[in-house]
Peer 1: 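Below is the structure I would like to discuss, written out as structure tokens.
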Amino acid sequence: MKIAVTYENGEIFQHFGHTEQFKVYDVADGKVVSSRVVSTNGSGHGALAGVLSDLQVDTLICGGIGGGAKEALAAAGIKLYGGVSGKADEAVEALLTGSLSFDPNIRCDHHHEDEPHACGRHA
């Protein structure tokens, strides 16, 4: 299993489409065996699903995420745990123990709109 987390300074970055880094965890027998921080090389939004596919990620933990990116992840076969905040390492451990609190219906709908939204720090 390979888990990616939108990442900034040890925390889960709150806007998937603007993340500049993922922390990628290799998991075997229910335990993290290695991790590394990977740059997105300027990719954004739906293109990030391709970055994750290239890394052979099968699971993503993130904060807010738009509908197009959710669709791109689903098409790539990447399981999404959205609406998560806090420390990246703790979220991965919670996922592995079955105690991760997430929002399966998370959606950041602000693109091309003038209304305020609350999907992360980019408000």
Side-chain angles (χ1 to χ4, degrees):
M1 175 182 216
K2 198 171 278 195
I3 302 169
V5 180
T6 52
Y7 190 76
E8 183 179 63
N9 298 322
E11 301 283 325
I12 299 166
F13 187 71
Q14 290 300 300
H15 190 289
F16 173 78
H18 289 262
T19 194
E20 294 180 6
Q21 299 177 318
F22 291 107
K23 188 164 183 182
V24 180
Y25 301 79
D26 292 301
V27 176
D29 298 321
K31 297 190 188 278
V32 174
V33 294
S34 67
S35 66
R36 67 190 185 284
V37 177
V38 178
S39 172
T40 63
N41 295 318
S43 296
H45 292 93
L48 291 170
V51 170
L52 294 173
S53 287
D54 289 346
L55 293 168
Q56 299 178 327
V57 166
D58 50 43
T59 303
L60 171 71
I61 298 172
C62 69
I65 186 167
K70 283 176 77 170
E71 291 172 12
L73 291 170
I78 298 171
K79 185 162 177 67
L80 172 64
Y81 294 88
V84 182
S85 61
K87 302 240 179 254
D89 292 350
E90 291 174 7
V92 170
E93 288 301 321
L95 177 65
L96 295 175
T97 62
S99 62
L100 181 66
S101 178
F102 68 99
D103 180 356
N105 299 313
I106 189 72
R107 188 173 177 120
C108 179
D109 286 326
H110 71 281
H111 302 283
H112 309 294
E113 296 177 16
D114 294 325
E115 295 181 26
H117 61 284
C119 64
R121 293 185 316 215
H122 62 283

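In what follows, every heavy atom counts, from backbone to side chain, and hydrogens, waters and symmetry copies are set aside. For the single chain, residues carry numbers from 1 onward in sequence order.
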Peer 1: Suppose we screen for side-chain contact (heavy atoms from CB on, under 4.5 Å). Which residues come up paired with Ser53, at least two apart in sequence or across chains?
Peer 2: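 Only Ala76, Ile78 meet the side-chain contact (heavy atoms from CB on, under 4.5 Å) criterion with Ser53.
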Peer 1: Between Ala49 and Phe16, which heavy-atom pair has the shortest distance, and what is it?
Peer 2: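 The answer is N-CZ, 4.4 Å.
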Peer 1: Do any pairs count as a salt bridge (Lys or Arg N to Asp or Glu O under 4.0 Å) and have a residue in residues 49-73, sequence neighbours left out, and if so which ones?
Peer 2: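 Matches after skipping sequence neighbours: none remain.
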Peer 1: Got a sec, which hydrophobics cluster with Phe102, joining ILVMFWY side chains under 4.5 Å apart, including via others?
Peer 2: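 Besides Phe102, the hydrophobic cluster comprises Met1, Ile3, Val5, Ile12, Tyr25, Val27, Val32, Ile61, Tyr81, Val84, Val92, Leu95, Leu96, Leu100, listed by chain and residue number.
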Peer 1: Would you name the heavy atoms of Leu52 and Ala4 that are closest together and state the gap between them?
Peer 2: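 So the minimum-distance heavy-atom pair works out to CD2-CB, 3.6 Å.
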Peer 1: Would a single hydrophobic cluster contain both Leu60 and Val24, if residues Ile, Leu, Val, Met, Phe, Trp and Tyr are joined by side-chain heavy-atom contacts under 4.5 Å?
Peer 2: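 Yes.
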Peer 1: Give the minimum heavy-atom separation between Gly17 and Leu48, together with the two atoms involved.
Peer 2: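 Taking Gly17 first and Leu48 second, the nearest heavy atoms are CA-CD1, 4.0 Å.
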Peer 1: Assess whether side chain to side chain contact (heavy atoms under 4.5 Å, CB included) is satisfied between Phe22 and Thr6, documenting all intermediate values.
Peer 2: CA-CA 5 Å; Phe22 291 107; Thr6 52; 3.8 Å; yes
Peer 1: Of all the heavy-atom pairs spanning Val57 and Thr59, show the shortest one and how long it is.
Peer 2: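 Heavy atoms of Val57 and Thr59 come nearest at CG1-O, 3.1 Å.
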Peer 1: Would you sort out whether Glu20 and Phe13 count as a side chain to side chain contact (heavy atoms under 4.5 Å, CB included), showing the intermediate values?
Peer 2: CA-CA 9 Å; Glu20 294 180 6; Phe13 187 71; over 6 Å; no
Peer 1: List for me each residue that meets side chain to side chain donor-acceptor pair (under 3.5 Å) alongside Lys87, sequence neighbours excluded, and say none if there are none.
Peer 2: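 For Lys87 the side chain to side chain donor-acceptor pair (under 3.5 Å) partners, ignoring immediate neighbours, are Glu11.
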Peer 1: Residues in salt bridge (charged side-chain N to carboxylate O under 4.0 Å, His left out) with Lys79, at least two apart?
Peer 2: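 In terms of salt bridge (charged side-chain N to carboxylate O under 4.0 Å, His left out), with neighbours along the sequence ignored, Lys79 is linked to no residue.
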Peer 1: Would you give the length of the straight line joining atom OG1 of Thr40 to atom CD of Gln21, rounded to the nearest 0.5 angstrom?
Peer 2: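 Between Thr40 OG1 and Gln21 CD, I get 8.0 Å after rounding to 0.5 Å.
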Peer 1: Taking only residues two or more places apart in sequence or in another chain, which ones pass side chain to side chain donor-acceptor pair (under 3.5 Å) with Lys23?
Peer 2: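 Lys23 satisfies side chain to side chain donor-acceptor pair (under 3.5 Å) with Asp89 once adjacent residues are dropped.
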Peer 1: Please report the C-alpha distance between Arg36 and Asp26 in whole Å, then the side-chain angles of each, then the deciding distance to 0.1 Å, and finally whether the side chain to side chain contact (heavy atoms under 4.5 Å, CB included) criterion is met.
Peer 2: CA-CA 9 Å; Arg36 67 190 185 284; Asp26 292 301; 3.7 Å; yes
Peer 1: Evaluate Ile65 against Leu73 for side chain to side chain contact (heavy atoms under 4.5 Å, CB included), listing each step before the verdict.
Peer 2: CA-CA 11 Å; Ile65 186 167; Leu73 291 170; 3.5 Å; yes
